[in-house]
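In what follows, every heavy atom counts, from backbone to side chain, and hydrogens, waters and symmetry copies are set aside.
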Amino acid sequence: MGLFDALLGNASDAAPDAVARDLAPLLIEGERVERAFVLYRDLVVFTDRRLLLIDKQGLTGSKVETHCIPYRSIVSFSVETAGSFDLDAELRLWLSGRPAPLVRKFGRKVDASALLRLLAARTLA
């Protein structure tokens, strides 16, 4: 992750294999990590079955909130790419039963079209 992205609060790519090893206790049998992004200690993880938002809290990060979103509960999504003067891309997810979108920011190096393809493959199938 680039230092500049970290200072601005933008997530960047993480190695799926390393994330899968770290999250092994949370993954169900046969579940695969397809894509992962890290922001400081927090993670956004796309598996072949669900989306995991992991928020490590406190100074030590020992308190962890894990938000599991089944792909079937995603009603709509959008990805805004970083422009010439923008420093980040933005993912917005509208979830069933929730009026406001869930928003996560990513660094400009994140491939927005790959995110769109991944979400489309999981939510439209």
Are the side chains of Leu53 and Arg104 in contact, using a 4.5 Å heavy-atom criterion?
yes
So NZ of Lys63 and CG of Asp55: to nearest 0.5 Å the spacing works out to 9.5 Å
Give the C-alpha distance, both sets of side-chain angles, the deciding distance and a yes or no for side-chain contact (heavy atoms from CB on, under 4.5 Å) between Leu51 and Val45.
CA-CA 6 Å; Leu51 174 61; Val45 181; 5.9 Å; no
If you measure from NZ on Lys105 to CD on Glu80, what distance do you get to the nearest 0.5 Å?
9.0 Å
Looking at every heavy atom in both Arg92 and Val103, which two are closest together, and how far apart are they?
CG-CG2, 3.9 Å
Flag side-chain contact, heavy atom, 4.5 Å: Val33 against Asp17
no
How about Gln57 and Val64: do any of their side-chain heavy atoms sit closer than 4.5 Å?
no
Is any side-chain heavy atom of Leu93 less than 4.5 Å from a side-chain heavy atom of Pro101?
no
Write down the atom of Asp48, the atom of Gly30, and the distance for their closest heavy-atom approach.
OD2-O, 3.9 Å
Minimum heavy-atom separation for Phe77 to Thr123, with atom names?
CE2-OG1, 3.3 Å
Return the minimal non-hydrogen interatomic distance between Trp94 and Pro99, and the atom names on each side.
CD1-O, 3.9 Å
Are Leu95 and Val75 packed together at the side-chain level, in the sense that at least one heavy-atom pair is separated by less than 4.5 angstrom?
no
Hey, could you give me the CG/CG distance between Leu23 and Leu43, rounded to the nearest 0.5 Å?
6.0 Å
Closest approach of Asp22 to Pro25 (non-hydrogen atoms, all atoms of both residues)
O-CD, 3.8 Å
Distance, nearest 0.5 Å, that separates OG of Ser78 from CG of Leu119
10.0 Å
Do the non-hydrogen side-chain atoms of His67 and Ile54 ever get within less than 4.5 Å of each other?
no
Does the side-chain contact (heavy atoms from CB on, under 4.5 Å) test come out yes or no for Thr47 and Glu34, once each step is laid out?
CA-CA 5 Å; Thr47 76; Glu34 294 183 333; 5.9 Å; no
Is any side-chain N of the basic residue among Arg50 and Glu31 closer than 4.0 Å to the acidic one's carboxylate O?
yes
Could you tell me the separation between the SG atom of Cys68 and the CG atom of Leu26, rounded to the nearest 0.5 Å?
9.5 Å
Take the angle between the ring planes of Phe37 and Phe46 and call it parallel below 30°, perpendicular above 60°, tilted in between.
perpendicular
Side-chain contact test, heavy atoms from C-beta onward, threshold under 4.5 Å: evaluate it for Lys56 versus Asp42 and give yes or no.
yes
What I'd like to find out is whether the side chain of Thr66 reaches to under 4.5 Å of the side chain of Leu52, using heavy atoms alone.
yes
